[in-house]
Every structure is written in structure tokens, then in C-alpha cells.
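Some notes on the structure that comes next.
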Amino acid sequence: MPAESASPLAAFRPKLLDTLPGYSRGHFARDVGAGLTVGVVALPLAMAFAIASGLKPEAGLFTAIIAGFLISALGGSRVQIGGPAGAFIVIVYGILERYGLANLIIATAMSGVLLFLMGWFKLGTLIRFIPVAVVIGFTNGIAVLIMLSQVKDFLGLDLASVPASFFAMLATLGGALHTFKPAALALALASLALVALWQQAMPRLGSQRLQFSHRLSLIPGSMVALVAATLASHLLALDVETIGSRFGGIPAALPAFHWPEFSWNTARFLLMPALTLALLGAIESLLCARVADGLTEEQHNPNQELMAQGVANFVTPFFGGMPATGTIARTMTNARSGAVSPVAGMVHALTLLSVMLVAAPLASHIPLAALAGILVYVAWNMGEWREFLQLRQYRLPYRITLLAVFVLTVVVDLTVAVEVGLVAACLTFIYRISSLSRAEPVSAADQPALAGQAPSIQAWRLYGALFFGAVKLVEDLGRRLPARALVLDLRNLIYIDSSGADALLGLARRCEKHGVRLMLCGLQHQPLDMANRSGLLQRLPATQVCPDLPTAMAAALAAAPAGA
């Protein structure tokens, strides 16, 4: 793997270029097999995610084809599969309801620009620093909202649309419960049960050595449920809503380029939705790529992955698509099916294109209740429900952060939830680090030179980080100055920020005012650099800056009282 450049900007180099040397016919055969398998997995999910987001089913297919191809061709992972994801359902539905389709296109394109810039400026590794409590909280919240959004089609309710607001959604669904269709409920439950049973049984079947059982285990349960539900609905003439009855079918061709109406007055209102799409897309794609690394034993390039996601999200909406990101289920299927390079992801996109061009008329018969059952299963598996049961073993700040993000995601808004979660996590981190920073007095037993010198000379050791959350340590020392000299041992300080340096400068000025000699010792690494850049070392005479505590104590005892 080439050494990382010292440039502040990441180089644009897709992983595909690194896999081409030594690429053989056997590798191509494995990639084609994996790509065909993933294409079958992606077909029902792409349509289901689009419908749940308030879009037409072809929007999901267009996204899986165009964005899926671009993410694989330009990305930083060998096996990452991009496309529409369940995590975007709630956000896309909310943007559509509040701003309309044209502004969803603009918001998605804006998120693409933000994603590309995040990768270009090497922020890919920083995404991993988002606290796990925030990630779990909004992931579980999104899962709950996805399940709630499927109640309408799951029960076959007679509703034109469902509001995005939580309480309005509950009120609307509750008021329409009397219109439920038994046939839709039966079909949805059967689809849900079939997917769950298939996913449970197939891994056991695949572990057998029979060639037939292994191939059968590669067929996704969602596809089996979709075909079975469609056949049952058509043969039994069930009174259920289908893709054809609601959307009029799926076009058998990719759409032409479309530029929506655009104004800067609208764009400024879309900044927060676009930022939410970008952050969520970055988190999802990089988490997915990390999971894939565990299967392929090869590390992905997070910055290149974000740049590829940015290109895909900028291009796709102008061709009828929706936001895209890395998808864990499809990526796992790709890796386990034997993919060795990004060619597999490109084949997956071409497979979907071929199916759409050939079998688009058949998709009109797919019942929406079956797609709702499949999405409920996807949402359930998306959530980290065991974390709720294990909350008692974590500290209170972690519990508060996770639950706050979860509740705000469900009840208020995902953007607000992420903002509050990040602020809560930052405050918790600041409190934790400040509590680890401390000042301890040096005793006469440790430094015999201090014997009999109190209160004229005091010595203190500072530990941890002297940053804006811990400057109170220095301020407290300034309020109880000794008569002659104050010695600070900074050897155990690992970090000083500008606020900490300013607090030390303030202490130096206070010591000068009261005629107290300030002695510093043990400065090294970053604290030494900060003390030099802040002007602290220039303010103090060289005799008051010592390499270690014994030297500083000897200098403090030998010197006459400051100001004498």
C-alpha cells in the first residue's frame, strides 16, 4: 500500500486502479458471479426504499444503477456496494414533504459536494470519532420510524399520504385503522415470516457441502418473498395495492438529465438537510467499509470512499435518483459471494439495469404490502436493540446521550437529534477529560528542599491536559499564591491549548504583580511548543524555566525574593 501523502488534500485514486494489475480471467468470473447475486438482492430493496421515502420505485432503481456503478468504480473499497439505504428514508420523506422534489434534488447534490470536500480535505478518519452512543441512538430511532412508515401499506390503510411528524403520523394512522384490508395484512405478515425464516434457514443450508444447497443459500429471502407474494396476489386476485395501481409501473429506460429550478433563497434553507444527508451518508458508508475490511482483510481508503460518495450523490439526483451510500447487507453479500475487486459492484449495477430494461412490466404486479413486510424485517435488523438491555452497565452520560438521540430522532427530527447528541457527547468528553486533569502539591517528603519553606515557597505537579475545561486548576493556584516562589512541575502535562496557555500567562502576570517568582519545569513535546508559541517562555527569564523539579527547587531557594 503506497505511503500517504503529506499534502493536506487527499489524492483522487480509486481502489479499482490498484486492483487492475494482476487481474485475471478467474477474478473476473468471481466478480461477475458476485455482482449477479448482489443485483438480485438489491432489486427489491431499491424499490422498497424509494417507495418508503415517498418516491416512485424507479427512483430506487436509478440510484442503485447509477450511484452503485459510480461508488464501485471510484470508491476506496474493493467490495463496497452503494445504493439507496434505509437510513435515508426518514430524512428524504421529510425533505419531500417540506420542500418538494425539486429541492430534494438540490439537497442531495449539495450533500454530494459536502461529501467530496470531506474526503478531499482528509476528514474521512474523523467520521470515526462520532460517539457510538450517537450512532446507536439515531440508528435505532430511524429503524422505529421506518417500521412506523410501513404501517400504511402493511395494513393496507386507505390513506393518500402519511405525515412525517411523529405525533401527526400516529394520529393519521390511528384514524384510518378501520380501513385496513385483511388481504394486505395477511400478505405482509406472510412476506415478513418468509424473509425471516429464509434468512434463518439458509445459513445452515449453505454450510452443507452440497453444491445445490450452497447456490440456494445465495438467493436472498427478500427476493423469494417478493416473487411468492406477487404470484399469490396475482393468482388469487387479492384486493391489494400494487406498484402498477399506485405508480403506473416502472419505465423500461434510464431517465434523461434534468436540471431543477434553483434559487439561492431556497438553497440556504437546504443547508441543514444537505449536511444531515452528508453526515449520515459518510457514517453509513465508512461503517460499512470497516465491516467489509474484516471480511477481505484489506483496509479501505476512507477519504477516497467519501469522494466517490460525493460524486455519486452529485450526479444521481439529476437522473431521477435519491441519496445513496454504502449498504451493509449488499456489501456483505458481495464479499461473501467471492468478489475480489470493485468490478463486482459495477456488474451489480449493470445487472439491475438489465433487469429493469427487460422485466419492468412484471414489476407492476408487485404488491406494496409485500414490500412493507420486507422493509419491516430490514428495519428490525438495522436496530441495535440489545444496547437498550445493556444500558445499565454503562455510565449515566452514555445512557442519557443514547436515549436522548433515540427519542429526539423518533419524536422531533434526525438533524436535531444528531446535533443534541454530538453536543452532549462533547460536553461529556470535556467533563471527563477535565476531571482527569489535576494539580497535586509536592510534599517535603518528596522534595526535602521544601522542608520549613511553607508558606513562602510552594510546588505543584499538574497532570493531564490543560485546556479550556481545566483552566480552573491554574486560576485556583493564582488565588492562593505563596510569599516568595511558586514552582509548577509540568512534566505530566500531555497537552496545553490556547486557553491553558492564556491561563498560565495570566498566572505569570499575577505573580509579577504580587512579587512572587514563578518557576516552570518539565515542559516537553506539545506543551513546550505551545508555551513557546504563546509567548509564555519569552515572558519569563531563562532562570525561571528549568528542565526538572529538583533544579527548579534549587533555583527558587537560591534566588532572592522576586521584587526585592
Side-chain angles (χ1 to χ4, degrees), residues 423-444 446-447 449-564:
V423 170
C426 289
L427 292 176
T428 301
F429 177 78
I430 292 170
Y431 172 76
R432 290 267 180 86
I433 296 299
S434 63
S435 65
L436 294 175
S437 302
R438 65 188 191 278
E440 293 183 353
V442 179
S443 64
D446 187 14
Q447 289 292 325
L450 278 172
Q453 298 296 326
S456 61
I457 297 178
Q458 291 181 5
W460 293 81
R461 285 194 178 99
L462 270 61
Y463 295 84
L466 186 58
F467 69 115
F468 63 89
V471 294
K472 187 175 182 295
L473 297 175
V474 176
E475 294 171 351
D476 289 344
L477 294 178
R479 296 189 186 98
R480 50 176 189 267
L481 292 175
R484 288 184 54 192
L486 174 64
V487 181
L488 297 184
D489 182 4
L490 307 180
R491 179 185 56 183
N492 296 301
L493 274 185
I494 59 174
Y495 176 76
I496 298 179
D497 73 350
S498 57
S499 297
D502 186 66
L504 289 174
L505 281 168
L507 179 62
R509 288 191 292 267
R510 189 174 181 85
C511 287
E512 288 178 8
K513 180 179 178 181
H514 291 82
V516 177
R517 183 177 296 273
L518 177 63
M519 308 290 299
L520 301 182
C521 65
L523 278 168
Q524 53 187 343
H525 306 306
Q526 190 275 342
L528 175 61
D529 179 62
M530 177 56 76
N532 186 48
R533 288 190 290 114
S534 65
L536 177 63
L537 296 185
Q538 289 78 6
R539 186 178 187 88
L540 296 175
T543 56
Q544 292 178 220
V545 181
C546 303
D548 52 48
L549 182 58
T551 305
M553 289 299 306
L557 291 170

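Numbers here simply count residues along the sequence, with the first being 1. Note: hydrogens, waters and symmetry copies are ignored here, and every other heavy atom, side chains too, is used.
- Considering every non-hydrogen atom in both M519 and T543, the closest pair reads CE-O, 3.4 Å.
- Shown here for N532 and Q538, the closest heavy-atom pair between the two residues is OD1-NE2, 3.0 Å.
- Atoms CD1 and CG, from I496 and L536 in turn, are 8.0 Å apart once rounded to the nearest 0.5 Å.
- For the atom pair CH2 of W460 and CG of L490, the computed distance is 14.0 Å after rounding to the nearest 0.5 Å.
- Pairs passing the salt bridge (Lys or Arg N to Asp or Glu O under 4.0 Å) check and including a residue from residues 539-556, sequence neighbours excluded, read E512-R539.
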Next item on the list: Please lay out, stage by stage, how L537 and L528 fare under the test side-chain contact (heavy atoms from CB on, under 4.5 Å).
Entry: CA-CA 9 Å; L537 296 185; L528 175 61; 3.9 Å; yes
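- The shortest distance between side-chain heavy atoms of P482 and I457 does not fall below 4.5 Å.
- In this structure R533 satisfies the side-chain hydrogen bond (donor to acceptor under 3.5 Å, both in side chains) test together with D529, sequence neighbours excluded.
- The distance from atom CZ of F467 to atom CD1 of I430, rounded to the nearest 0.5 Å, is 6.5 Å.
- The pair R480-D476 does not meet the salt-bridge criterion, since no charged nitrogen lies less than 4.0 angstrom from a carboxylate oxygen.
- Of the possible donor and acceptor atoms, none in the side chain of S437 sits under 3.5 Å from a partner among the backbone N and O of L466.
- Once rounded to the nearest 0.5 Å, the distance linking OG of S534 with CG of L505 reads 5.0 Å.
- Nearest approach of V487 to A552, heavy atoms of both residues: CG1-CB, 3.8 Å.
- Within the 4.5 Å cutoff, the side chain of L481 has heavy atoms near those of the L507 side chain.
- Among pairs with a residue in residues 488-511, those fulfilling side chain to side chain donor-acceptor pair (under 3.5 Å) read R461-D489, at least two apart in sequence or across chains.
- Shortest non-hydrogen contact noted between L540 and A508 is CD2-CB, 4.3 Å.
- Scanning all heavy atoms of the two residues, the minimum distance from A555 to C546 falls at CB-SG, 4.4 Å.
- Side chain of Q544 to main chain of L520: no donor-acceptor pair is present (N/O by atom type, distance under 3.5 Å, no hydrogens or angles).
- L477 has its side chain within reach of L488: a pair of non-hydrogen atoms, C-beta onward, lies under 4.5 Å apart.
- With rounding to the nearest 0.5 Å, the separation of CD in Q526 from CG in L493 is 9.5 Å.
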